[in-house]
J.: 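Okay, handing you the structure first.
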Amino acid sequence: MLDIAKSERNKRISEGGVFKSYLTTEYGVEIETESFQYKISFYNEHTIRVHQTSHSQDCNPYSVVQSPKKINFQVEDNENSLVITSESLDVVIDKSPILFTFLNKDGKILNQDEPGLGIQTQGEQKTIYKKLQLNERFVGLGEKTGPLDRSGKGYQNWNTDHFAYDIEADPLYASIPFYIGIHNGLSYGVFVDNSYKSHFNFGASNNRFSSFSVDSGDMDYYFFNGSVSEIIQSYTWLTGRMSLPPMWSIGYQQCRYSYYPDTEVLDVAKKFRDKDIPADVIVLDIHYMDEYKIFSWDKERFPNPDQMVDLLKEMGFEVVVICDPGIKTEGKYLPYDSGKKEDVFLKYPDGKYYEGEVWPGWCHFPDFTKEETRSWWKDMMKSYTDIGIKGFWNDMNEIATWGQMLPENIEFDFEGEGATTRKGRNIYGMQMARSAYEGASQNLDGKRPFILTRAGFAGVQRYSALWTGDNVANDEHMLLGVRMVNSLGLSGVPFSGYDVGGFAGNGQSNLFARWIQIGAFSPFFRGHSMINSHDSEPWSYGEEVEEISKNYIRLRYKLLPYIYHAFVQASESGTPVTRSLCIDYTPDDKIYAADFENQYLFGDNILVAPLASDQRYGKVYLPEGEWYEFFTDEQLAGGQEMIREYALEHLPLFIKASSIIPVYGDATQNSKNVGECLELHFYAGTDHSSTEYYEDDGVSYESSNGIFHRRLIEFAPSQKEIKIKEASGNYNSKIKKLKLVLHGFDQNELNNWKHGSIERKCYSYVQPISNFDPFEKDHRDNLKSENVFSTEIAYTNEEMVFNW
Ligand code: GLC
């Protein structure tokens, strides 16, 4: 009896297999064990793939866009282990049973399989157990609820529609099986490249291991080493980066479930202009369609959609339409008839089309994992692109159906390889977004489309922005949204956001005021609310909140050059637009604390400390360095916690000393007409710093042909020098006037300013709020700096140098 139990246990222990032989390949090694083959290949110096496979490979063809690369490495065959050494990473592979240990060049263990467990299989499911390191933290994993540091938590990946989800709910709409582990001053990343349902345990209910499992398919993962930011760079290099979105899509977008008829849509747009609140987009939710049928218009509510789009264009608005994948099974409806003819819909194994119920009633669902379907979808999209629509909001693509139980035996084409729901479900939303992106890009004649999706998988950033679905109008959700967007940023998706104001339920006015302030500092900035809920436009919560909303939406537009540059960084290096503090301040324990985990850097230099609507006192932690209060220029030492009273109109924002912040100086209605004045704000400090000013037409791909205007700006405080390097690129900048605005500078030093007059001024990024309530008077904060120095000159393409 005992012996049987022992041999069973031994069998389980050795499931990684016992080493039989190995082969050195161009890119790494291949190991044969009794039961598996391990292919270990370098993709670059910092990225190595561990692919455990049997004879029939079962991989994910959708996420990785790179192939293995030849790098220098050596293999040493020892009695008990195989050691692979490369310039930045070493891997020790124990032979009996197979266990992996990843080490950095100092010989420090980054990550290792848990001895005794290693890899285990249970039926089709495979799990890798990793030894929990001392005080190990886990961040990332995409759109997940919960804290920044996910240690002690467990999650699964299975794209799921979850209306008004709970703040701990899991899984949600999108799955990104990529996380970053942090311990002992070290960091590493793991991307599990498998689209079946997967499970991650970061030391939940155990103190021995972290683990990841896949329900079927190959255990195929990539291991990254480097700093947190290098790991994000490597991961986005591997799975692709977002190309620059149209500038208008990063302005304010106004949505509602739903604006109709067309006159209401136009009224909302006009109200933005009458009230002088900038905005770029009006979003049409499902009521624009005839009985919710995609690619159709409700003839009574929207008799002339092309005219409406034109009128909105005249007012400077772009239109985004919702697109649901379900095609109503109804004859004489073109998408249904032609979809059947072209055979684009998902089927059961017996060849019958799958039919599920959603908004329009019973529907078939296009199989976006098939090339022909994507091309058919592109043709269908012409009914939108032909009338000038460039924005596509892909919803319900988990796939969501009433009952939420997509049968597991549905068959997906999977680029001809074939798969069932078990492998296809997590991929579907991303491929719908891809169809929209590729279709719209082709139809729009060289204009950039804006694509938004609810569901997604690793690599979705190549096609689309993502929003966090049906949140609830309360403080917990507002702050959770911030963490989810930061987590998406850590996981390769830089363009994401949440429904500002809250989708479900009715929030109070203070909540909306706080949410719109925070939303102005999120990559995707859209107000949205559900049918039969409180209106959620900037003017819907009374005059005070309207003034606050206007201030922060305007601030968003002022900051466009700074934000656009952050998008350029995301498209070139994968660095997210909103940066959890774990990127730049990884070893600082404080930033993971519940009080401070919602704080983040927006772009390189602006620290945002989100505040709940009922919080009069904000508790903020400033990490190491020197900081400025954004509005008042008060100088603050880093490495300290602060508790301060904050008026409702005052979002705690801070700027790093030595920062350069480019902003537009003229007020604007939308992102297309930002005026001719560029202000460059310099914050005195001790470090040297640099940034770039980047401009292009904001709508086309011409920047890839050199039609951009780009220049380096350097700030060397110790040399008392500002240098604006010569502009490169062939785009004619619209800027005519340059204003230098110097914060925290010493007047005596500036007496040596040699470049025309420099004046001491008062500066404010926002307008003062009226005193609607006399009792609030004492609680108004003075959001201005009395003490900046400013000078104005003509803007030219040549190098400009300023000394003092
Ligand atoms: C889904 C979306 C929501 C949208 C609604 C109606 O719930 O998540 O944003 O308003 O469908 O289309």
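When reading the values below, keep in mind they use all heavy atoms of this one structure, side chains included, and skip hydrogens, waters and symmetry mates. Atoms within each ligand, like the ligands themselves, are counted from 1 in listed order. Computed from a predicted model, the values in this text were never measured in an experiment.
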J.: Examine the proximity of ligand 1 to F163 and report which part, side chain or backbone, both or neither, has a heavy atom under 4.0 Å away.
T.: neither
J.: Could you check atom 12 (O) of ligand 1 against the protein and tell me its nearest heavy-atom contact, residue, atom and distance included?
T.: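 Minimum-distance protein heavy atom for atom 12 (O) of ligand 1 reads D285 OD1, 2.6 Å.
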J.: Nearest heavy atom to atom 9 (O) of ligand 1 wins, so pick from H162, R526, H528.
T.: H528
J.: Distance-only, no hydrogens or angles: does the S258 side chain make a donor-acceptor pair with backbone N or O of H287 under 3.5 Å?
T.: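 Yes, S258 side chain to H287 backbone: donor-acceptor pair under 3.5 Å.
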J.: Are any of the N/O atoms in D395 less than 3.5 Å from those in ligand 1?
T.: yes
J.: Between D274 and K270, does at least one N-O distance fall below 4.0 Å, as a salt bridge requires?
T.: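 Looking at K270 together with D274, the answer is yes, because their closest N to O distance falls below 4.0 Å.
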J.: Give the atom numbers and elements of ligand 1 that come within less than 4.0 Å of a heavy atom of W359.
T.: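 The list of qualifying atoms is 6 (C), 11 (O).
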J.: Looking at non-hydrogen atoms alone, which of D499, D470, L452 comes nearest to atom 3 (C) of ligand 1?
T.: D470
J.: Here's one to test your reading of the geometry: is the NZ or CZ of R454 within 45 degrees of the ring axis of W393 and under 6.0 Å from its centre?
T.: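 That pair does not qualify as a cation-pi contact.
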J.: Exactly one of L346, T420, I399, D367 should register a side-chain contact (heavy atoms from CB on, under 4.5 Å) with I410. Which one does?
T.: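 Testing each of L346, T420, I399, D367 against I410, the sole residue satisfying side-chain contact (heavy atoms from CB on, under 4.5 Å) is L346.
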J.: Under 4.0 Å from any heavy atom of I322, which atoms of ligand 1 are there?
T.: 12 (O)
J.: Which atoms of ligand 1 are found less than 4.0 Å from any heavy atom of R454?
T.: 1 (C), 2 (C), 7 (O), 8 (O)
J.: Would K275 and E546 pass as an ion pair if we require N to O under 4.0 Å?
T.: yes
J.: Check the angle between the aromatic planes of Y498 and W515 and answer parallel, tilted or perpendicular using the 30° and 60° thresholds.
T.: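 If you compare the ring of Y498 with that of W515, the planes turn out tilted.
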J.: Quick one: does Y257 get an N or O within less than 3.5 Å of an N or O on ligand 1?
T.: no
J.: Decide, yes or no, whether a salt bridge links E318 with K672 under the criterion of side-chain N to carboxylate O below 4.0 Å.
T.: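 Counted as a salt bridge, because a side-chain N and a carboxylate O are separated by less than 4.0 Å.
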J.: Against heavy atoms of I286, which atoms of ligand 1 measure under 4.0 Å?
T.: 6 (C), 12 (O)
J.: Does the residue Y173 have a heavy-atom contact with ligand 1, meaning some pair of atoms that are separated by less than 4.0 Å?
T.: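 Outside the 4.0 Å threshold, so no.
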